[in-house]
Amino acid sequence: MAPRHLRSLQDLSSAEFIQLITRASELKTMLREGTPHEYLLNKSLAMIFEKSSTRTRVSFEAGMTQLGGSSIFLSPADSQLGRGEPIADTARVLSRMVDAIMVRTFSQDTVEQLAEHSSVPVINGLSDTFHPCQLLADMQTYFEHRGNIQGRRVCWVGDGNNMCNSYINAAALLDFELVITCPEGYEPLQSLMENNQNRVSLVRDPAEAVAGAALVATDVWASMGQEGEMQNRRVDFADFEVTTELMARAASDALFLHCLPAHRGEEVSAEVIDAADSVVWEEAENRLHAQKALLEFLLCS
Ligand code: CP
Ligand code: NVA
């Protein structure tokens, strides 16, 4: 039987997305209470990182350990990937040795190729196009603090990047309204916008876009691989900082989320991200719980 993958959120049904969020919260409680949950005893996860990571690497490694399994870190610098071994061959070999493969890479096509040639589940740990694992954690965080997001208004402020594309997928699956505000030339995938016109819109003015939002989310102005564009982007995104003034236009109980790492004074002010009631640290922690739920779902069901 072909394995299930998480190449993007489009690999999940709405019910499965909710199920994962619910299970993530259960696993969080079990960990806090010291309840054993070694559901992946002796299972192993290969993790290919072609880009840097703090949260993704640590949450997958710690998560596998807590589930009774183990993980293996691979980077191009110290594997044959860096010497040109095809991704398809890597998928064929790894999937004969491990129970799942996580990949953080540039092209979404690398994720697709790995999945095509792997006989075990492949998880997208971020590509230039999508970051589905972060959305599991973001939605878990929203549900834990505010309940179901269905019908709510969510505002994405800033770059139409991998996170923004994943917010569009989440809007479709969880049935929320998504308003995107970005400078001209920094829009998310056009096909995603076109396929989700019923719930996703583009509003150029950030103040107008965040009005009444129950959730405001943002991300860095230059993603990994775009470092050379930083100077230009600082100019283009100057009006897209999430400040206390901007948040004041959202709903009075609006949550602010940021996948991290953050650049204070660029996409978000220190006052917003470091507020006493900021949930971004819990959002980061939820990567651990959400991915444990995902691993359990992909490997045990
Ligand atoms: N949010 C996120 O994916 O963080 P890392 O780049 O540290 O993994
Ligand atoms: N958009 C960012 C997310 C980092 C977690 C990037 O791709 O670098």
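Start at 1 and go down the list; that is how both ligands and their atoms are numbered.
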If you scan protein heavy atoms around atom 8 (O) of ligand 2, the nearest is Met224 N, 2.8 Å
Under 4.0 Å between heavy atoms, the region of Asp128 that gets near ligand 2 turns out to be neither
A student checking ligand 1 against Thr54 at a 4.0 Å heavy-atom cut-off should list atoms 5 (P), 7 (O), 8 (O)
Among Cys133, Ala262, Cys259, closest by heavy atom to atom 1 (N) of ligand 1 is Cys259
Q) Can we call the ring centroids of Tyr186 and Phe237 under 6.0 Å apart? A) yes
shortest atom 2 (C) of ligand 1-to-protein heavy-atom contact is with Arg287 NH1, 3.3 Å
*Answer yes or no: does an N/O atom from Arg57 fall short of 3.5 Å to an N/O atom of ligand 1?*
no
Tell me, do His258 and Glu267 make a side-chain contact under 4.5 Å, heavy atoms counted? yes
Query - Ser223-ligand 2 polar pair, N/O distance under 3.5 Å - result: yes
closest protein heavy atom to atom 4 (C) of ligand 2 is Leu126 CD1, 3.9 Å
* Would Arg83 and Asp78 pass as an ion pair if we require N to O under 4.0 Å? -> no
According to a hydrophobic-cluster definition based on side-chain heavy atoms being under 4.5 Å apart (Ile, Leu, Val, Met, Phe, Trp, Tyr only), do Ile21 and Met30 belong together? yes
In ligand 2, the atoms that come under 4.0 Å of a heavy atom of Leu260 are 5 (C)
### Message
Salt bridge or not between Glu61 and Arg57? Use side-chain N to carboxylate O under 4.0 Å.
### Response
yes
Any ion pair linking Glu177 and Arg152 (charged N to carboxylate O, less than 4.0 Å)? no
min-distance protein heavy atom vs atom 6 (O) of ligand 1 -> Arg104 NH1, 2.8 Å
Contact region, Asp159 to ligand 2, non-hydrogen atoms below 4.0 Å, reads neither
Contact region, Leu126 to ligand 1, non-hydrogen atoms below 4.0 Å, reads neither
Under 4.0 Å between a side-chain nitrogen and a carboxylate oxygen: does that hold for Glu187 and Arg204?
yes
Ranked by distance from atom 7 (O) of ligand 2, the top protein heavy atom is Asn162 ND2, 2.9 Å
Next on the checklist: Quick test of your reading of the model: are Arg4 and Glu16 salt-bridged, counting only N-O distances below 4.0 Å?
Outcome noted: yes
field: Under-4.0 Å salt bridge between Arg104 and Glu50
entry: no
In ligand 1, the atoms that come under 4.0 Å of a heavy atom of Leu260 are 1 (N), 2 (C), 4 (O)
Honestly, for His131 the part within reach of ligand 1 (heavy atoms, under 4.0 Å) is side chain
When distances are taken from atom 4 (O) of ligand 1, the protein heavy atom at minimum range is Arg55 NE, 2.8 Å
More than 12 foreign heavy atoms under 6.0 Å from CE of Met230: is that the case here?
yes
If you scan protein heavy atoms around atom 3 (C) of ligand 2, the nearest is Asp219 OD2, 3.5 Å
For this session: Using the side-chain contact (heavy atoms from CB on, under 4.5 Å) rule, take Leu114 and Val122 through it: C-alpha gap first, then chi angles, then the decisive distance, then the call.
Result: CA-CA 7 Å; Leu114 256 181; Val122 168; 4.2 Å; yes
